[in-house]
S.K.: 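Structure incoming, see below.
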Amino acid sequence: MVRVAKETSNIIDDLTSELEPVKTLKHPIKRALPWFIFAILYVLSGIFLLGVRGDFISKLNDSTYIFEMSLVLVMSVSATMCSLWMCIPDMRGQKWLVATSLTLILVVLAWIITQAVMNIDHTPFGYWSHCFSDAVFFGLLPAASIVFMSMKGRTIQPYLMILMNVIAVSGLGYIGLRITCASDDIGHICVFHILPYIALGAVIGAIGRRFYRW
Amino acid sequence: MGIVNDNSQNPKADSWGELAVRSQSGDKRAYRQLLLEIAPYIKSRISKGLANEDWSEEIMQEVLISVHKSLKSYSADRPFKPWLNAITQFRRTDFLRKHYKNKNVNEASQENSDIFSNDVTHDTRAGELVDIEKALGKIPEKQRKIFKLIKIEGYSAAEVAKEMDMSVSAVKVSAHRTAGKLKEMLG
C-alpha cells in the first residue's frame, strides 16, 4: 500500500479527476523537418524578393565563402534539432546534441572573430544599411514559428532553449543576407548581419523565460 | 534503428512507463496508480541534501503537477525514469533558486531599519492578518484573485475557472503556487 501525505493525496485526486486523453508530441525529427522546410522556403522567398547579389555565381567558386555558408548552415540545422529535442524533459537521451550545437556555435564565433581580426579596416557605424531591416525580415517569421513550436513542448532548460532558437533562426537569416548583400566587408557583416540577431536574442532572452514557463 | 526501451531491467519503472501510456489515453485508474507510485520515489530523490525536510513534500507536489502538465511529452518507446528524473531535478532546482532568491531579498532588506517598523511584531501592527494581506498584495492581481476566490471565499476550482475563463487545471496550479509563495513569504 502506497502512503502519501493528505495534501499530496488531494493533489493526486485533483489531477486524476481532470485527466483527459492527450495527444503525444511527435518525434522531434518529425517536428523539426516541417519547420526547417518552412524556414528555408521563407528565406528563399526573401532572397527572391530582395534579389541575389550580383557576383553570386562567381562567389560559388570562392572556397572561403562556401565554407562559411556551410558552417553556418550546419550550425543552424544543429540548433534547430537541439531546440526540438529540448522540448522533451529528458531530450530522449540525446543530450549530446547540446554539446554539438554549442561547439558549432563556438566554431562559427571563432571563424567570425578570426576574420574580423585579420580583415577589419573600419567600423561601419554612423550610417544605416538596409541589411539591418533585411536581417529582421529574414528572422521574424522563423523566430515566431520556432518559439511557438518550442512552447508546445516542456523544456527544463529555458535559457538554453532560447539560445538554440535564436541560433537556428539567425543561421538561416545570415545565409539569406550573405546571398542578397554584395558586401564581404567583415565590419559590415558584424554590424548589419550579426548585430540584429544579437539584438533579437537579447529581446527573446529578456522575455523568453515566460514563453517556456510551465 | 529503433530505440529500445531499456526499462526491461527494472520491472517497476517499466510498469510506470506502461501506466503513463495508459494515462495518455485517458485511463484515470492507471494515472492515479502512477502518481501514487511515483510520489514516494520523487520524494526520496529530492529529500537528499535539502536543508528543510518540509520542502521535499512541496517540491514533490510541484513535480506531480509538472508530470501532469508534461504527460504529452512522454514517449512510449523511451524509459520512464529518465523523463521523470529530468522533471524532478528541474523542479528541485527551480524551487531552491526561488527560495534563495527570496531569502537574499529579505536579508538585504533587514539592513534597512524601516523593515522593523513594518514588521507584524511591532506595536503599531495589528498582527498576522495584516502580514498575510501584505504578502497577498505582492502576488500578481490575477493569481491573488484566484487564490482569494478558492481559499478565502470558498469557490470551487471549476467555478473560478469558468469565471476567469481558464482551465480548471490552470486555476488549481495557480492557487497551489500562490499558497507556496505565501508560505515562503511568511516564513
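So you know, we letter chains A, B, ... as the sequences are listed, proteins then strands, and number each from 1.
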S.K.: Partners of A:Tyr174 by ring pair (Phe, Tyr, Trp, His ring centres under 6.0 Å), sequence neighbours excluded?
M.R.: none
S.K.: Quick one: what part of B:Arg91 sits under 4.5 Å from any heavy atom of chain A, side chain, backbone, both or neither?
M.R.: side chain
S.K.: Heavy atoms only, distances under 4.5 angstrom: which of A:Leu15, A:Asp13, A:Val22 has the most pairs with chain B? Name it, please.
M.R.: A:Leu15
S.K.: Please output the residues of residues 171-181 of chain B in contact with chain A, using a heavy-atom cutoff of under 4.5 Å, in numerical order.
M.R.: B:Lys172, B:His176, B:Arg177
S.K.: To the closest 0.5 Å, what do you measure between OG1 (B:Thr93) and CD (A:Gln157)?
M.R.: 10.5 Å
S.K.: With respect to chain B, which residue among A:Asp14, A:Leu19, A:Thr24 yields the maximal number of heavy-atom pairs within a distance under 4.5 Å?
M.R.: A:Leu19
S.K.: Say you draw a straight line from CH2 of B:Trp83 to CD1 of A:Ile88; how long is it, rounded to the nearest 0.5 Å?
M.R.: 11.0 Å
S.K.: Counting only heavy atoms not in A:Phe38, do more than 12 fall under 6.0 Å of its CZ?
M.R.: yes
S.K.: Working to the nearest 0.5 angstrom, can you tell me the gap between A:Ile12 CD1 and B:Leu34 CG?
M.R.: 9.5 Å
S.K.: Between atom CD of A:Glu20 and atom NZ of B:Lys28, what is the distance when rounded to the nearest 0.5 Å?
M.R.: 7.5 Å
S.K.: Return yes if some donor-acceptor pair links the side-chain N/O of A:Arg154 with the main-chain N/O of B:Lys69 below 3.5 Å, else return no.
M.R.: yes
S.K.: Please find the pair of heavy atoms, one from B:Ala86 and one from A:Pro89, that lie closest to each other, and give the distance.
M.R.: CB-O, 3.5 Å
S.K.: Quick one: OG1 on A:Thr8 to NZ on B:Lys43, what's the gap to the nearest 0.5 Å?
M.R.: 7.0 Å
S.K.: Measure from the side-chain N and O atoms of A:Lys23 to the backbone N and O of B:Lys72, and report whether any donor-acceptor pair falls under 3.5 Å.
M.R.: no
S.K.: Specify the closest pair of heavy atoms between A:Arg92 and B:Ser75, including all atoms of both residues, with the distance to one decimal.
M.R.: NH1-OG, 3.1 Å
S.K.: Please say whether more than 12 non-hydrogen atoms of neighbouring residues, nucleotides or ligands are located less than 6.0 Å from CZ in B:Arg97.
M.R.: yes
S.K.: Which answer fits B:Asp27, side chain, backbone, both or neither, if we ask what part of it has an atom under 4.5 Å from a heavy atom of chain A?
M.R.: backbone
S.K.: As an exercise: rank B:Ala157, B:Ser167, B:Ser25 by heavy-atom pairs under 4.5 Å with chain A and give me the winner.
M.R.: B:Ser25
S.K.: Atom CD1 of A:Ile11 and atom NE2 of B:His68: how far apart are they, to the nearest 0.5 Å?
M.R.: 11.5 Å
S.K.: Looking at B:Lys81 and A:Asp90, does any basic side-chain N land under 4.0 Å from a carboxylate oxygen?
M.R.: no
S.K.: Would you say that more than 12 heavy atoms from the other residues, nucleotides or ligands in this model lie under 6.0 Å from the NZ of B:Lys145, or not?
M.R.: no
S.K.: May I ask you to test the B:Gln89-A:Ile156 pair for a side-chain heavy-atom distance under 4.5 Å?
M.R.: no
